[in-house]
Amino acid sequence: MRGHEVCYLKSLIRDVYPFFKEVFASLGLEEELWSNLLGPATIEGHSDIALPCHSLSSSLRKSPVDISEHIVSLFSDDILNIAKVSSKNGFVNVSATSSWIEEQISYIFADDRLGVKIDDSRTFAVDYSAPNVAKEMHVGHLRSTVIGDSIVRLLLFKGHTVYRENHIGDWGTPFGMLIEHLLDLGEDKAAKELGVGDLDSFYKQARSKFNSSADFASRSRNRVVLLQGGDKETLRLWKILVSESMRYFNDVYSILGVLLKDSDIKGESSYHDLLPIVIDRLTKTNILVNSNGADVVFPTKKWLNREGGEMPAIIRKKDGGYNYSATDLACIIDRIERLNCTDLVYVVGTPQKQHFEMIFDIALMAGFMSDKHNATHVNFGSVLNQNGKILKSREGNTIKLVDLLSESVSRAEAVIIDKNPNLSPDERSKVAKMIGIGAVKYADLSTERSKDYIFDWDKMLSLEGNTAPYLQYAHARICSIFSKSDIPPSSLSNPIFIIIDKEEELLAKRLLLFSNIIEDTIINYSPHRLCNYLHSLASSFASFYENCPVLKNEDEKIIKSRLALCDLTSRTLKLGLELLGIDSPEKM
RNA sequence: GGGCGUGUAGCAUAGCUCGGAUAAUGCACUGGCCUCCUAAGCCAGGGACCGCGGGUUCGAAUCCUGCCGCGCCCGCCA
């Protein structure tokens, strides 16, 4: 098992390794036979690291239990400075001593980065959010935006160069009808409707006219031709649609507290000039094939369509129009050749998995990317309703993202009034935003992203359990301890840690895991791992807080040690939440 | 038809890359704890043939394989 508690303490393995080496040398066992067996213990409470002896049974001709007991008896006493060694069920168990933990924790404490290393810098393009112009943002967009933003924060923290790429849907056939509808309404009125965020009704009105009026439909088709032909007046009207929608999206981004800015927008339209070049280069590498009048590529990996025929990726349609495969290939060229990216990350839903596999395959075939580049589809599951059905954006009564967010904030505010009436209205409103928005983001980030998740209003806003408010509360409690004491965190340089009680030992061990968890989270692009860790940290803090008096202690040394543990915990929670894009209020 | 994903206590999830001990966490449930640093909390407890069957292994929730349920993709929409 490799839960958050377990990928613990690489340094403990490093420190005790020489002792194992000595013991196994005396048994005459080759290093290859045992060195991979030494690893994190799988059961919390038994030990920190362990070595199962079962596979040694045949070569040593003894039972695993006998072997483990024998091994324990062979260790030199010097290991006791680092760890206690014991045996159980055929495992050799190694538990770090308090003094070893104290030393490690001092090291982390002195580090602003809490032990997290800076990587060799690479250059990433992270493609996320991608709302459609003149269409409402709904809960489905939440996932891409929130997951992508957290990944960006993590990569930046690890020292990488990151381009945020907001690939908005600002081109294509629907724009004919949208522009005609804009004209029908009058520019001013339309702009206003879009700017205040009434995108849903704008789109629906246009769609319904398109379906019911032949005249409108015909005007719309003509308008698409004008748009694609670069007609100046049409482009001017198109820009109104785009900029008014962006104004609205920026409002949502600001409420959500994500990093996306106007300069991160790279809509589909901006790759226009590259599309003929894509065709040209695919032709030159001899992989573009004409099939029924369309220009297509057959990827290396074979896919079958419904009829059982080999399935190509269509790059240019029979009518000469480019489709999204062409745009995505253009993106790859742009990101690799103009931005010099080494890593391309696409935070897009799982339904597009096959599409991305094809595109990455073709990009390699055509030489747009090489082995030196990593392209990753960071896929995520759908948002389901209570009945387990997908929340549809078109016909159903979809919850607007803004409405969801504001309700979350107002519910959070109601809880604060109830729990902490002493907070001033001004503070309360600030804190309510941090909690309400944090709760929604955390609900989305804390489940394994490739799975579907059930949108549960009550659970999302519940302030109990594995939720952002629980983590924020732990942080606020620590701030409160410091405000009650006359010892500010800044005065705690070079504290001497004294780990005595089991609750403070568990807290300390979990604090030591932080850097491992960050590595794990970013390697897998899985923010939920960080979430689970922070919850386990907050939970061990709550236990510590309940059982280990900090300020109400007689021993000055213990007060200082525990205050330092508190400070380190709050810094870890705050940094961890920050990397998820969630604020940490000092009072709540 | 082809492909992909998913199935773990009443509910929601983690663990599956890279196989180890009594399967972890939260909600809900039962019982305790506020003249005491924020009870938005803590402590204790009950609750699971890890979808089903085979295989590999000293050892499988984890790897392989065959089924079953659910979902998604296979559009000259993005």
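Every chain is numbered from 1, with letters handed out A, B, ... down the list of sequences.
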Open item on the list: Would you measure the distance from the P atom in rU17(B) across to the matching atom in rA12(B) and give it in whole Å?
Closed with: 25 Å
Contact check, residues 308-317 of chain A vs RNA chain B, heavy-atom distance under 4.0 Å, returns Met311(A), Ile314(A), Lys317(A)
For residues 301-325 of chain A, the ring-ring contact (aromatic ring centres under 6.0 Å, His included) pairs (sequence neighbours left out) are Tyr324(A)-His355(A)
Kindly indicate, with the supporting measurements, whether the criterion salt bridge (charged side-chain N to carboxylate O under 4.0 Å, His left out) is fulfilled by Glu505(A) and Lys509(A). CA-CA 6 Å; Glu505(A) 185 182 284; Lys509(A) 284 178 176 178; 3.3 Å; yes
Residues passing the side-chain contact (heavy atoms from CB on, under 4.5 Å) test with Ser424(A), sequence neighbours excluded, are Asp426(A), Glu427(A)
Residue set satisfying side-chain contact (heavy atoms from CB on, under 4.5 Å) with Thr283(A), at least two apart, ordered chain then number -> Ile279(A), Leu288(A)
Residue set satisfying side-chain contact (heavy atoms from CB on, under 4.5 Å) with Lys302(A), at least two apart, ordered chain then number -> Glu310(A)
Contacts satisfying ring-ring contact (aromatic ring centres under 6.0 Å, His included) that involve residues 50-72 of chain A (not counting sequence neighbours) are His54(A)-Phe91(A)
The side chain to side chain donor-acceptor pair (under 3.5 Å) partners of Ser150(A) (sequence neighbours excluded) come to none
The correct set of residues in residues 288-296 of chain A placing a heavy atom under 4.0 Å from RNA chain B is Asn292(A), Ala294(A)
**Phosphate OP1/OP2 of rC42(B): any Tyr470(A) side-chain N/O under 4.0 Å** = yes
Thr300(A) meets the side-chain contact (heavy atoms from CB on, under 4.5 Å) criterion, sequence neighbours left out, with Asp361(A), Met365(A)
Worksheet item: Looking only at side chains, do Asn466(A) and Tyr442(A) share a donor and an acceptor under 3.5 Å apart?
Response: yes
The correct set of residues in residues 473-481 of chain A placing a heavy atom under 4.0 Å from RNA chain B is Tyr473(A), Ala476(A), Arg477(A), Ser480(A), Ile481(A)
The correct list of stems in which RNA chain B takes part (3 or more consecutive Watson-Crick or G-U pairs, distances under 3.5 Å) is B:1-7 with B:68-74, B:10-13 with B:24-27, B:29-33 with B:41-45, B:51-55 with B:63-67
Note to self: Is the phosphate of rG3(B) approached by Lys302(A) (side-chain N or O, under 4.0 Å from OP1 or OP2)?
What the structure shows: no
Residue set satisfying ring-ring contact (aromatic ring centres under 6.0 Å, His included) with His528(A), at least two apart, ordered chain then number -> none
